[in-house]
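What follows is one structure encoded as structure tokens, with my remarks underneath.
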Amino acid sequence: MVGVSHLAGNKRRLVFAYYITGHGFGHATRVVDVVRHLVAAGHDVHVVTGAPDFVFTSDIQSPNLHIRKVLLDCGAVQADALTVDRLASLEKYSQTAVVPRASILATEVEWLNSIKADLVVSDVVPVACRAAADAGIRSVCVTNFSWDFIYAEYVMAAGLNHRSIVWQIAEDYSHCEFLLRLPGYCPMPAFRDVIDVPLVVRRIHKSRSEVRKELGIAEDVKVVIFNFGGQPAGWKLREEWLPAGWLCLVCGASDSQILPPNFIRLPKDAYTPDLIAASDCMLGKIGYGTVSEALAYKLPFVFVRRDYFNEEPFLRNMLEYYHGGVEMIRRDLLVGHWKPYLERALKISPCYEGGINGGEVAALILQETAAGKNYSSDKLSGARRLRDAIVLGYQLQRAPGRDICIPDWYLLAENEVGLRPAVAENEITGNISLVEAHIEDFEILHGDLHGLPDTMAFLKSLSSLHFETDSGKGTEKRLMRERAAAAALFDWEEEIYIARAPGRLDVMGGIADYSGSLVLQMPIREACHVAVQTNHPSKHKLWKHAEARQQATGQGPILQIVSFGSELSNRAPTFDMDLSDFLDGDKPISYEEAFKYFSQDPSQKWASYVAGTILVLMIELGVRFTESISILVSSAVPEGKGVSSSASVEVATMSAIAAAYGLNIDSRKLAILCQKVENRVVGAPCGVMDQMASACGEANKLLAMVCQPAEVKELVNIPTHIRFWGIDSGIRHSVGGTDYGSVRIGAFMGRKMIKSAANALLSQSPNNTPSQEVDEVNSDENDESEMNLFEAEAELDYLCNLTTHRFEAVYAKQLPESILGEAFLNKYIDHNDTVTTIDPNRNYAVKAPAKHPVYEDFRVKAFKALLTAATTDEQLSALGELMYQCHYSYSDCGLGSDGTDRLVKLVQEIQHRPSRDGQPSLLGAKITGGGSGGTVCVIGRNCLRSSEEILEIQRRYKAATGHLPFIFEGSSPGAGKFGYLKIRRKIDSSLKN
């Protein structure tokens with residue numbers, strides 16, 4: 001062990017410049033322990049920070065400590081106590097560190113030279129490393145994560161226009177000589193070399209009994225420390241939230257906050273480590289400081305997950321690996337359902353036995369580096385950086401469901417490199433022999449696998465779950481939380497129902513679906529699998545907190561859901577609720593109440609797509625759910641790419657529930673019910689085509705349907721000489737986004753204006769003589785057919801029932817380019833769309849959103865007719881041209897994006913460049929679905945050259961944007977064609993006797 005004497009052994013007085021990021025107090029508190037050892041060794045330490053002085057002075061009283069109040073980065077901007085605003089974080093970092101970069105560097109170089117710094121240490125301010133290099137001073141970073149890793153995901157989700165930030169941060173870090181890497185680390189490929197150090201934690205000043213005596217708390221009283229900086233606004237803590245006889249020590253409470261008698265307000269400068277040592281458990285949000293101190297002092301930690309804190313999954317995995325954590329559902333935190341979690345915390349035994357002298361170890365390395373020693377780690381730096389780069393790419397390019405956990409070979413100790421439990425790419429591409437043995441573990445009582453490799457892989461995953469259940473405690477540490485929860489979800493001796501629903505590629509039609517257009521949709525290869533089991537409430541296996549809630553409120557049916565892939569999206573992997581929450585007396589609650597219910601906890605909003613199917617069945621079909629339900633969701637349909645990931649989850653879930661309850665719901669009706677889930681429970685104003693394609697589609701066919709509301713016309717065979725691809729732009733799409741919703745509102749406004757204009761034209765003359773506008777269309781004022789057209793248009797149900805020539809001749813000039821919501825409401829009262837609401841203060845485009853579906857319906861009909869026509873160059877050219885026209889019409893509506901425009905331009909460049917035979921292989925492309933990012937659909941010849949050109953587009957897009965697009969190719973059957981599987985685990989014949 002490194003001792004202080006080793007530090008004191010250096011007789012030269014060194015000067016350190018220690019930069020601390022502006023992201024919370026956790027970085028400052030861990031720096032304290034490193035700085036304490038450096039100061040104790042007689043060195044000068046200049047701390048550059050935005051944290052309050054007391055964070056340092058409560059543990060270090062020395063003239064050698066110098067605090068300089070400067071903030072050179074901003075960390076993550078929080079929308080609330082539990083959620084990061086990703087776009088705001090990028091924008092604030094740009095204003096804090098990018099715009100003034102030149103002046104920052106000049107100032108820091110001058111300051112570093114003025115203090116004659118021997119070494120620059122950063123935790124983990126990027127520009128500090130570059131400033132050190134410019135000043136000719138060595139630099140070292142000490143951290144468990146880096147901002148290039150954190151911000152990279154923000155860029156992918158919130159706007160590629162900020163991607164240069166990530167490259168600049170990584171370049172800054174590359175000037176650092178090496179990284180002192182703390183436990184619970186993320187991938188950090190920017191650093192040239194790495195040295196691992198133990199946990200860095202602050203020391204304890206007082207014993208448990210001393211602290212309790214000062215606070216007037218008896219030794220036998222149970223105490224929880226509420227370490228939750230930035231409590232939700234307006235939140236009131238209540239006495240009944242704690243178990244009887246418990247006390248709660250509250251950190252960070254405002255002076256004006258009224259606390260119940262069993263809650264104790266702590267001073268702002270209270271020394272947390274002493275309070276942790278005096279407590280029986282901690283309740284808070286995960287950060288390095290809270291996790292490291294909880295593990296070091298073996299304090300059970302009840303934690304609440306936060307949204308978009310991307311270092312959190314790695315810290316959480318470390319906490320759970322050492323049996324130190326109990327996750328509390330955010331909803332239960334906010335409503336005060338604390339008791340079962342606190343009581344559960346007292347039953348766990350944290351088992352961290354690693355070193356906690358990281359501050360001392362780090363200080364020695366920093367001292368020797370500042371004195372001139374050259375450090376190199378005992379690891380292969382190149383291999384480590386490559387591994388980190390792979391995992392960083394894995395984090396950014398992942399498709400939820402493709403991998404069900406962060407790779408074991410990364411998370412576990414580096415001498416325990418192993419394989420991931422599921423490598424979905426191999427599974428998807430059809431390595432069937434590997435899963436056959438696992439399929440043999442189940443008896444298939446109903447249904448057919450249809451030869452689908454992903455279904456076989458899902459059964460393999462289920463099989464591994466029940467093996468994990470049987471394998472005992474030896475493997476418990478290695479289980480990801482979602483797998484551990486899933487392993488305990490089912491009674492493996494009882495029947496399980498499985499459904500499968502694919503995503504879809506929007507070939508033609510897109511947003512015109514809500515205006516009644518004909519649409520052409522192709523079910524893609526990627527799909528969602530859902531497994532459902534029902535049990536009597538008395539026999540249902542319950543999670544601990546759900547069991548405690550049942551004991552408190554009385555036994556009744558309960559819903560438990562596990563979502564594979566949730567850890568990758570940093571959302572809660574489990575959800576549970578009493579099914580009685582869906583009842584108001586004997587009747588189902590309203591959709592509005594359900595929307596509010598699921599909006600309480602953003603980290604569990606995903607559950608509304610799943611649980612919402614149950615409420616819709618209750619309301620629309622009168623189904624009564626008296627049994628408890630367990631649901632496992634595993635989706636390989638990537639989220640936010642415009643390929644209907646949400647529809648696939650809804651359709652698969654409702655299909656599995658219908659099978660489990662013996663409900664005979666045809667595919668069309670099931671799709672319409674699932675649309676209600678998304679419109680009314682989730683609150684996303686989508687049309688019905690997504691759910692119809694997922695439910696009614698067939699492999700290698702285009703589902704042709706008229707969305708009035710959902711009439712399947714036919715399944716159109718894709719000609720063998722034609723092929724479709726989807727290319728992901730990397731810009732996240734959401735039908736719940738404001739752009740999609742405002743365009744939809746504009747279209748419905750346009751329809752209302754057209755109907756009003758038609759009525760005005762009918763009533764303008766006492767003899768029903770059309771107005772001057774009609775004269776421009778037809779010189780015969782008494783033409784009865786003209787009057788019939790106006791009558792029909794006055795009752796227009798769908799914009800797509802209006803022909804293009806009637807739109808241009810009669811109504812186009814009467815539609816405004818845009819209108820203020822208030823002005824529209826004053827004149828027309830309502831836009832007659834039940835799933836959107838007009839904001840009176842917002843300006844809405846009208847003409848372009850109304851024109852698009854009228855013309856799109858015509859384009860789709862022409863496209864469908866051409867698909868079945870004779871094969872000619874003209875046919876292929878016309879198909880591509882129709883897709884291009886659709887793409888530019890989206891842009892006119894305001895639903896384009898830089899990424900999708902770039903992809904379409906790349907297709908055009910390749911299409912028009914000279915070729916040997918003079919015939920292009922790629923023919924056309926268009927943005928899909930709700931627009932504003934997502935995926936581009938490409939049409940081309942079914943030949944090798946076109947596939948090579950798609951890969952060329954992928955490479956060129958990555959070179960230009962830094963994002964490697966996901967390519968969708970291939971097709972698979974919809975949920976109706978798949979049906980359902982009913983399985984049961986086989987009983988070992990040796991156990992029967």
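What you see is a predicted model; the values in this text were computed from it and never measured. Residues take their numbers from the sequence shown, with the count starting at 1.
Between C251 atom SG and F228 atom CZ the span is 12.0 Å, to the nearest 0.5 Å. One distance of note links CD of E360 with NE2 of H37; it measures 4.0 Å at 0.5 Å rounding. Taken to the nearest 0.5 Å, the CD1 atom of I629 stands 13.0 Å off from the CG atom of D576. In this structure, Y321 OH and L319 CG are separated by 13.5 Å, a value rounded to the nearest 0.5 Å. For the atom pair CG of L247 and CZ of F226, the computed distance is 15.0 Å after rounding to the nearest 0.5 Å. In this structure, L632 CG and T653 OG1 are separated by 10.0 Å, a value rounded to the nearest 0.5 Å.
Taking every heavy atom of both residues into account, W147 and V124 meet most closely at CD1-O, 3.4 Å. Taking all atoms of both residues into account, the shortest heavy-atom contact from L342 to P243 is CD1-CD, 3.7 Å. For the pair A486 and L465, the tightest heavy-atom approach, listed with the atom from each and the gap, is CB-CD1, 3.8 Å. Smallest separation of non-hydrogen atoms from F145 and C186: CB-SG, 3.7 Å. Considering all non-hydrogen atoms of both residues, H529 and I498 come closest at CD2-CG2, 4.4 Å. The shortest non-hydrogen separation linking F458 to A531 is CZ-CB, 4.0 Å.
Checking side-chain atoms of D581 against main-chain N and O of M577 turns up no donor-acceptor pair under 3.5 Å. Using a distance-only test at 3.5 Å, with no hydrogens or angles considered, a donor-acceptor pair links the side chain of N262 to the main chain of E239. One N or O on the side chain of N310 and one on the backbone of I150 form a donor-acceptor pair closer than 3.5 Å. Using modelled atom types, one side-chain atom of E210 and one backbone atom of S207 make a donor-acceptor pair closer than 3.5 Å. In this structure, the side chain of E312 does not engage the main chain of R305 through any donor-acceptor pair within 3.5 Å. Remark: the backbone N or O of E353 is not paired with any side-chain donor or acceptor of Y322 at under 3.5 angstrom. For S630 (side chain) and L489 (main-chain N/O), a donor-acceptor pair under 3.5 Å exists by modelled atom type.
The shortest side-chain heavy-atom distance between S608 and Y597 does not fall under the 4.5 Å cut-off. Side-chain contact between C248 and I264 is absent, with no heavy-atom pair separated by less than 4.5 Å. Using a 4.5 Å heavy-atom threshold, the side chains of P183 and P198 count as separate. Counting heavy atoms from C-beta on, the side chains of S146 and M188 come closer than 4.5 Å. The shortest distance between side-chain heavy atoms of V530 and C528 falls below 4.5 Å. You'll find the side chain of F56 stays beyond 4.5 Å of the side chain of V35, heavy atoms only. In this structure the side chain of L249 reaches within 4.5 angstrom of the side chain of I217, judged on heavy atoms. Taking the side chain as every heavy atom from C-beta outward, I496 and V532 never approach each other to under 4.5 Å.
Among the candidates I225, V291, L275, V224, the single residue satisfying the side chain to side chain contact (heavy atoms under 4.5 Å, CB included) test with M282 is I225. Screening V194, D123, I195, V361 for a side chain to side chain contact (heavy atoms under 4.5 Å, CB included) with L180, the sole residue that qualifies is I195.
A salt bridge does not link K339 with E240: none of the charged nitrogens is closer than 4.0 Å to a carboxylate oxygen. Ion pairing of R984 with E493 is absent here, as no side-chain N (NZ or NE/NH1/NH2) approaches a carboxylate O to less than 4.0 Å. Ionic pairing of R202 and D33 is not present here: no N-O contact between side-chain nitrogen and carboxylate oxygen is shorter than 4.0 angstrom. Salt bridge present: D59 and R203 bring a charged side-chain N and a carboxylate O closer than 4.0 Å.
If you check the side chains of N144 and R30, you find a donor sitting under 3.5 Å from an acceptor. S628 and N535 share no donor-acceptor pair across their side chains, judged by distance under 3.5 Å alone.
Note: F263 and W338 have perpendicular aromatic rings, judged against thresholds of 30 and 60 degrees for the angle between ring planes. By the 30° and 60° cut-offs, the orientation of the rings of F575 relative to W606 is perpendicular.
In this structure, K298 forms no cation-pi arrangement with Y352, as its terminal cationic atom is not both closer than 6.0 Å to the ring centre and no more than 45° off the ring axis. A cation-pi contact, defined as under 6.0 Å to the ring centre and within 45° of the axis, links R181 to Y185.
A 6.0 Å sphere centred on NZ of K268 holds more than 12 heavy atoms belonging to other residues, nucleotides or ligands.
A distance below 6.0 Å separates the ring centres of H205 and Y271. In this structure, H23 has its ring center at least 6.0 angstrom away from the ring center of Y288. Remark: aromatic rings of F149 and F314 are close, center separation under 6.0 Å.
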- request: Decide yes or no on side-chain contact (heavy atoms from CB on, under 4.5 Å) for V326 and F303, but give the supporting numbers first.
  value: CA-CA 6 Å; V326 174; F303 64 88; 5.9 Å; no
query: Should R208 and E219 be marked as a salt bridge (charged side-chain N to carboxylate O under 4.0 Å, His left out) after you check the CA-CA gap, both sets of side-chain angles, and the distance that decides it?
result: CA-CA 9 Å; R208 172 187 172 97; E219 285 292 332; 3.5 Å; yes
message: For F442 and L462: C-alpha separation, side-chain torsions, deciding distance, then whether side-chain contact (heavy atoms from CB on, under 4.5 Å) applies.
response: CA-CA 9 Å; F442 292 107; L462 285 181; 3.9 Å; yes
field: Steps toward side-chain contact (heavy atoms from CB on, under 4.5 Å) verdict (L346, K222)
entry: CA-CA 9 Å; L346 297 187; K222 299 300 180 188; 4.1 Å; yes
message: Go through it in stages, so that I can follow the logic: the residues are T143 and L182, the test is side-chain contact (heavy atoms from CB on, under 4.5 Å), and I'd like the CA-CA distance, side-chain angles, deciding distance and then a yes or no.
response: CA-CA 6 Å; T143 187; L182 303 176; 5.5 Å; no
message: If you apply the rule side-chain hydrogen bond (donor to acceptor under 3.5 Å, both in side chains), what do you find for T290 with N227, and how did you get there?
response: CA-CA 8 Å; T290 53; N227 199 353; 6.0 Å; no
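Judged as a salt bridge (charged side-chain N to carboxylate O under 4.0 Å, His left out), and not counting sequence neighbours, the contacts of R212 are D280.
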